[in-house]
Amino acid sequence: MAEIRFLGHAGFLLTDTGKERLLFDPFISDNPTAPVRTEELKADYILVTHGHADHLGDAYEIAKNNEATIISTAEIARQAESEGLKAHAQHLGGRHRFPFGSVKLTLAFHGAGIPGGHACGFVVDYYGSKIYFAGDTALFSDMKLIGELDPLELALLPIGDNFTMGIDDAVIAASFLQSRVVIPYHYNTWPLIEADPEEFKHKVEQKTGSRCVVVAPGSSYSF
Ligand code: NI
Ligand code: MN
């Protein structure tokens, strides 16, 4: 059974027994809600949605510690390579096969955090289960296509408002995506992005066909 562990803010670790470990947007050392220390994290691939410090975070240090491969936009991948790290560059709309399945980069309406770049989201096929990690983004109606093209087991959505979708827009995103399960993130790290995940859960389950699972930092959801 695959397991996704919430590392606080936008950090997630996707694992399965004996299989590759995928780390998403690891913002650990400056994250007041991080349940682990950077040195403790083990990963084979590190997926980075954009260059803002709360997403690129500790990715390079963890990649160095683990000889992990950074998967990101071309701009971030090139920067990682210039730091002497392994990286795989993709760009919006492109899918690539990996030993665990595949990664497709999706649109995300947000700043790149790096000159000339774009922010992205990911659709990851992990041993047959499709997971959408939205990154930091506004609501956009093409999210309908994401769920149509890749029927989703899991959609990870930001709900903290101010920098990303707030609760009500994220509920509409969930209705577009039609994922089996939705997990919220990017809230309550700081007062500026305070949001009630139980309100989100209630609205998702009232207004969409998805189930919402609220995962506390350090806890996991298995599927
Ligand atoms: Ni950002
Ligand atoms: Mn962010």
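Note: hydrogens, waters and symmetry copies are ignored here, and every other heavy atom, side chains too, is used. Whatever order the structure lists them in is the order used to number ligands and atoms, beginning at 1. It should be emphasised that the depicted structure is a prediction, and the values quoted were computed from it without experimental measurement.
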Item checked: Quiz item: cation-pi between K19 and F100, 6.0 Å / 45° -> no
Check: Using a distance threshold of 2.8 Å, what protein N/O/S atoms lie below it relative to the Mn ion (ligand 2)?
Finding: D54 OD2, H55 NE2, D136 OD2, H186 NE2
Check: Where is the tightest heavy-atom contact between L152 and G147, given as atom of each residue plus distance?
Finding: CD1-CA, 4.3 Å
Checklist line | Atom of H9, atom of I193 and distance for their closest heavy-atom approach | finding: CE1-CD1, 3.8 Å
Next item on the list: Just to the nearest 10 degrees, tell me the angle at the Ni ion (ligand 1) spanned by H110 NE2 and H50 NE2.
Entry: 100°
Please confirm whether the backbone N or O of [Y] pairs with a side-chain atom of [X], one donor and one acceptor, at under 3.5 Å?
{"X": "N31", "Y": "T33", "value": "yes"}
{"X": "E61", "Y": "T38", "value": "no"}
{"X": "S179", "Y": "A155", "value": "yes"}

Note to self: With carbon and hydrogen excluded and only N/O/S kept, which atom of D136 is nearest the Ni ion (ligand 1)?
What the structure shows: OD2
Next item on the list: Please find the N/O/S atom of H52 nearest to the Ni ion (ligand 1) and write down its name.
Entry: ND1
Margin query: the Ni ion (ligand 1) and D54: any N/O/S contact shorter than 2.8 Å?
Written below: no
Next item on the list: If the plane angle is over 60° it's perpendicular, under 30° parallel, otherwise tilted; pick one for F133 and F12.
Entry: perpendicular
Item checked: Ring centres under 6.0 angstrom apart (F200, H202) -> no
